[in-house]
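Following: one structure in structure tokens, then a few remarks.
Just the heavy atoms: all of them, side chains too, but no hydrogens, waters or symmetry mates, feed the values below. Letters A, B, ... are given to chains in the order of the sequence lines, protein chains preceding strands, and every chain is numbered from 1.
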Amino acid sequence: MADTTKRLFLLDGMALVYRAHFALIRNPIYNSKGMNTSAVFGFMNTLLDILDNHSPTHLGVAFDTKEPTPRHEIFPEYKAQRDAMPEDLAKAIPEVKRLLKAFHIPVIELPGYEADDIIGTLAHQADATGEYQTFMVTPDKDFAQLVTPTTTMWKPGRKGSEVELMDVPAILSKWEIEDTSQVIDILALWGDASDNIPGVPGIGEKTAKKLIKQFGSVEKLLESTDQLKGKQKENVENNKEQALLSKKLVTIMVDAPVSTTFKDLVLDQRDDEAVKSLFTELEFNALGKRLYGNDFTAGRGHSTTASAEQPELVQAELKTLADFKTNYALVNSAAELDKLVKQLEKQDLFCFDLETTALNPRTADLLGVALSWKAREAYFVIPGKDLSPSAMLEKLKPALTSKATKIGHNLKFDLSVLLAKGLQATGPFFDTMLAHSLVDPEQRHNMDYLAESMLGYTTIKLADVAAENEAEASTQSDDLFSFAEKKKTTKKDYVDMSAIRAESLKDYACEDADITFQLAEILAEQLDTSGQSDVFYDIESPLLPVLVRIEHEGICVNRDSLTEIGHTLAKRIENLTKSIYEQAGKEFNLNSPKQLGEILFGEMQLVEKPKKTKTGQFKTDESTLSLLAPKHEIVANILEYREASKLKSTYVDALPEHICPSDGRIHTHLHQLLTATGRLASSDPNLQNIPVRSEAGREIRKAFVPRGEEFTLFACDYSQVELRVMAAISGDQAMIDAFQHDHDIHTATAARVYGVGMDEVTRDMRSTAKMVNFGIIYGISAFGLSQRLGIPRGEAAEIIDTYFEQYPAIKEFMDKTIEQAEKDGYVTTLSGRKRVLRDINSRNASIRKNAGRAAINTPIQGTAADMIKLAMIKVDDLLRKGGYHSKMILQVHDELLFDLHLEEKDELIPKIVEAMQTALPLPHDVPAKADTGMGGNWLQAH
DNA sequence: CTAACGGCG
DNA sequence: CCTTCGCCGTTAG
């Protein structure tokens with residue numbers, strides 16, 4: 001049982017030290033003697049966290065040795081390509097060992113064996129006794145193969161507390177396998193660049209998983225290559241030996257001759273004097289305090305001040321649920337719910353919060369609904385004996401579709417879940433997350449944080465609810481966190497929601513609804529004070545359900561065309577790789593800009609004075625390499641390789657992974673207030689950067705298709721919206737005239753800048769003017785323009801001067817905007833959306849200029865964002881009110897994309913165009929203009 | 001984790 | 001010395 005099980009922690013010393021070093025590579029910690037102590041510090045943090053919070057009974061740290069290992073015998077190149085260990089890091093390892101000695105923690109080393117093998121062997125032995133719960137503490141994914149019901153992987157997170165625990169179900173789901181031993185098969189195909197394990201060429205993580213899912217093991221795959229086709233077949237067949245060799249290399253030993261016994265690993269008392277002395281030497285004063293409180297006297301040098309800096313933490317006491325008399329009640333019968341709904345229907349303002357089993361709205365199941373319309377009073381509605389989940393929703397439906405304002409936190413999630421269950425909640429909505437994003441965009445917006453910072457209140461943590469509930473800690477990927485948070489936070493404290501008893505969840509859920517209700521009132525006030533009520537109530541709030549619908553609809557992608565493009569690209573990548581290796585005279589990792597730079601500029605000496613990045617690496621970006629293309633054939637090949645591999649990895653391989661199995665569509669996530677300017681952002685997958693500029697890229701765009709026979713893709717995009725906005729908010733008459741006469745703005749600008757008639761403007765003149773027009777929006781310098789146009793700087797400066805002479809109000813607008821920003825510290829868009837520019841008065845000229853450019857750009861980009869958001873609200877309204885079958889399915893900054901029903905097109909197109917053009921009337925009667933396109937795929941729709 | 005790169009508007 | 005805004009995803013180290 002849990003209380004008698006021995007808890008064995010096996011730490012992968014080298015890997016943890018390595019990781020700690022690189023985690024702090026940008027902000028290394030030095031002691032007063034100039035020693036980089038990042039790695040030691042990071043390692044100690046992890047160790048102390050385990051000792052303090054995770055009750056180990058046995059603990060040991062394994063290290064590699066310098067001796068060659070059996071892996072080197074069968075494969076001399078094993079780990080041959082590793083860069084030499086940084087000096088700082090090399091020095092850290094003996095320090096870590098000294099500390100471990102002081103802690104009386106065994107360092108386990110075995111000449112000729114790696115730390116992996118030691119850990120594998122000990123974990124295996126521990127499993128055999130049946131007495132241990134073993135934790136392999138390592139950041140290295142390879143250890144997944146060793147996970148068993150009694151041995152889990154423990155991956156330290158960024159902060160000490162954020163830990164990723166991987167047990168068998170977690171490994172199986174993460175690796176998409178049926179048995180943990182198949183991790184080895186996947187790694188064998190995939191290979192490992194850092195250990196120089198070859199794998200099979202052309203097979204990466206995804207293909208490896210797919211093949212092992214299909215065939216079960218490397219051996220079975222090799223027997224059945226007749227079932228493969230094309231390039232993949234060839235690759236596998238030609239690399240059978242290599243695959244089997246790789247399999248040997250990635251297999252961690254479980255029978256190494258380790259002499260350490262479990263008795264050696266029993267946790268022992270540390271040598272306090274030795275620890276104190278080492279901490280003092282390393283100047284780990286905070287860690288010293290942590291162990292010894294004020295008994296720890298900081299060492300010499302500057303660090304003596306540390307004890308003065310850290311008195312007992314004086315911290316405002318946070319209130320908790322226990323400090324209030326609350327009225328939180330569980331509602332689980334039809335009669336009770338009927339009574340509750342009667343009350344609810346009288347409210348014109350209430351808060352609701354769904355508790356679900358998962359974070360994907362399309363797969364999430366409803367556990368309950370928390371409701372609150374009065375501070376410290378809330379109800380948690382759950383299914384009961386005479387109340388099925390669907391009946392529960394049915395009874396709540398009138399309230400959720402009423403005219404009352406619905407408050408919630410991250411309502412996009414709740415509304416998506418409801419929509420997936422066929423319930424379209426109606427506004428107005430008040431989303432506290434959105435409100436806070438407008439009021440205080442720099443801060444985090446999760447509810448726990450808002451409760452602490454705005455109400456001085458600390459909320460119940462889901463993990464505690466689960467613990468109290470004595471539910472077995474589960475690592476299922478189900479939790480309540482929002483999508484946005486999911487990716488950014490380490491998977492911690494995964495909670496199997498359905499294992500929590502309703503009674504336990506009640507306080508948690510009610511508290512959320514209660515707190516959110518209270519936050520809304522404060523935030524409404526703050527919106528008002530910051531002048532952003534209009535943008536909140538007129539734009540962001542009504543946009544919210546529109547985004548929910550767009551995400552819900554999704555977009556169709558033709559999987560087969562992507563597969564075909566993938567084959568073509570793979571072939572091209574392979575041929576180019578061959579040529580490049582030949583031209584370079586050696587093989588290297590083409591995906592590494594570092595290695596590529598060293599080849600081109602270090603070895604091949606392509607130019608005398610190569611450009612460098614700010615970190616001192618050779619620059620190898622497209623604009624740098626393009627200039628070098630004439631010098632050597634290799635450059636063109638590299639550029640082509642870059643293009644092909646970008647397209648393959650980012651689009652062709654990734655998009656199919658996002659196709660939803662139940663409806664065959666891709667449902668992107670649209671983030672409403674993530675950007676500084678008010679634009680939307682798209683992720684998982686990002687559908688706002690689907691290729692269009694290059695020929696090869698456009699093939700990918702063709703794979704986006706209508707949802708059915710009777711539909712077509714229809715795109716409606718604003719023409720030159722940002723320049724129109726700039727003309728309008730600057731009030732520049734010349735530019736306004738150009739738009740009012742519907743002139744081509746770049747031609748009109750060229751005519752003015754070059755002093756010729758519109759009909760005398762050449763292609764080159766127009767293209768230069770176009771560059772200047774866009775450059776101006778971004779605050780370009782003469783230098784920047786000269787680079788882009790490939791002209792001398794003086795000439796560029798002249799063009800810019802003439803531009804401002806011709807459009808004087810634009811110059812004025814730019815100066816005034818910066819002046820305003822300097823004075824107020826922020827700029828605004830036409831709708832009142834605010835962006836704070838902290839750096840606008842920086843003493844550092846470069847930083848200050850950057851902020852200045854953002855100051856100019858924000859009102860322009862942000863107002864354009866306001867406009868299309870308003871258009872989306874309008875268009876959504878007209879589609880729904882008119883009962884059309886056509887659906888809005890995407891926004892790409894200045895474009896709206898629709899699945900248009902063929903029978904509706906003649907009627908709808910003019911209405912959509914009209915809605916877009918009139919969504920936000922610009923000052924000075926500058927007209928907005930929308931162009932349209934239609935076709936059987938997204939490319940044709942333009 | 002950050003940097004470099006490159007896809008889009 | 002730096003030098004064009006706003007994003008997201010992939011890869012390497």
What's the closest nucleotide to the Arg642(A) side chain, out of dG6(B), dC8(B), dG6(C)? dG6(B)
Could you check Thr650(A) against Tyr778(A) and say which one's nearest nucleotide on DNA chain C is further toward the 5' end? Tyr778(A)
Is Thr675(A) close enough to dC7(C) that one of its side-chain N or O atoms is under 4.0 Å from OP1 or OP2 there? no
Donor-acceptor side-chain pairing of Gln617(A) and Glu598(A) below 3.5 angstrom: no
Can you check the Gln891(A) CD to dG9(B) P distance for me, whole Å? 12 Å
Atom NZ of Lys648(A) and atom C1' of dG9(C) are separated, to the nearest Å, by 15 Å
Quick check on side chain to side chain donor-acceptor pair (under 3.5 Å): which of His669(A), Lys412(A), His667(A) does Glu551(A) satisfy it with? Lys412(A)
Identify which one of Ile860(A), Leu920(A), Val725(A) satisfies the side chain to side chain contact (heavy atoms under 4.5 Å, CB included) criterion when paired with Leu830(A). Leu920(A)
If you measure from the C1' atom in dC5(B) to the same atom in dC1(C), how many Å do you get, rounded? 24 Å
Length of the CD-P vector between Glu722(A) and dC7(C), whole Å: 13 Å
Under 4.0 Å between a side-chain N or O of Arg679(A) and OP1 or OP2 of dG9(B)? no
Any base atoms under 4.0 Å from Glu622(A), or only sugar-phosphate, or nothing? Heavy atoms, all strands. sugar-phosphate
Could you tell me whether the phosphate oxygens of dG9(B), OP1 or OP2, come under 4.0 Å of any side-chain nitrogen or oxygen in Arg693(A)? yes
So, is Gln595(A) near the phosphate of dG13(C), with a side-chain N or O under 4.0 Å from OP1 or OP2? yes
Using the side-chain heavy atoms of Asp621(A), tell me which of these nucleotides is nearest: dC8(B), dG6(C), dG6(B). dG6(B)
Using a cut-off of strictly less than 4.0 Å, decide whether Asn689(A) has a side-chain nitrogen or oxygen near OP1 or OP2 of dC7(C). no
Please determine whether any donor N or O and acceptor N or O are separated by less than 3.5 Å between the side chain of Lys646(A) and the base of dG6(B). yes
Measuring to OP1 and OP2 of dC5(C), would you say a side-chain N or O of Thr858(A) lies under 4.0 angstrom away? no
Identify which nucleotide among dG7(B), dC2(C), dG9(C) has an atom closest to any side-chain atom of Ser683(A), counting heavy atoms from C-beta outward. dG9(C)
Rounded to the Å, how far apart are Asp839(A) CG and dC2(C) P? 17 Å
Geometric cation-pi criterion Lys586(A) and Tyr581(A), 6.0 Å radius, 45° cone: no
Identify whether any heavy atom of Ala654(A) sits under 4.0 Å from a base atom; if not, whether one sits that close to sugar-phosphate; answer base, sugar-phosphate or nothing. sugar-phosphate
When we call it a touch if two heavy atoms are under 4.0 Å apart, what does Ser592(A) touch: a base, just sugar-phosphate, or nothing? sugar-phosphate
In this structure, how many angstroms lie between the P atom of dC7(C) and the CD1 atom of Ile690(A), rounded? 19 Å
Describe the nucleic acid contact of Arg835(A) in one word from base, sugar-phosphate, nothing, applying a heavy-atom distance below 4.0 Å. sugar-phosphate
Apply ring pair (Phe, Tyr, Trp, His ring centres under 6.0 Å) to the pair Phe774(A) and Tyr778(A), showing each step before the final yes or no. CA-CA 7 Å; Phe774(A) 284 124; Tyr778(A) 303 140; 7.1 Å; no
Is there a side-chain contact between Thr620(A) and the phosphate of dC5(B), meaning an N or O under 4.0 Å from OP1 or OP2? yes
Given dG9(C), dG9(B), dG6(C), which nucleotide is nearest the side-chain atoms of Asp684(A)? dG9(C)
Distance check: side-chain N/O of Asn857(A) vs OP1/OP2 of dG6(C), anything under 4.0 Å? no
Could you give the OH-to-C1' distance, from Tyr641(A) to dT11(C), as a whole number of Å? 10 Å
Using whole Å, report how far CZ of Arg701(A) lies from P of dG7(B). 13 Å
Can you name the one residue among Ile889(A), Leu890(A), Ile690(A) that meets side chain to side chain contact (heavy atoms under 4.5 Å, CB included) with Phe704(A)? Ile690(A)
Side chain of Ala681(A) - closest among dT3(C), dC7(C), dC5(B): dC7(C)
Whole Å only: how far is the CG atom of Asn686(A) from the C1' atom of dG6(B)? 12 Å
Would you say a side-chain N or O of Asn850(A) is under 4.0 Å from OP1 or OP2 of dC5(C)? yes
Gap in Å between the two C1' atoms, one belonging to dC2(C) and one to dG6(B), rounded: 22 Å
Considering only side-chain heavy atoms of Gln861(A), which listed nucleotide, dG9(B), dT10(C), dT3(C), is closest? dG9(B)
Describe the nucleic acid contact of Ile856(A) in one word from base, sugar-phosphate, nothing, applying a heavy-atom distance below 4.0 Å. nothing
Are Lys210(A) and Trp190(A) in a cation-pi setup, meaning NZ or CZ lies under 6.0 angstrom from the ring centre and within 45 degrees of the ring axis? no
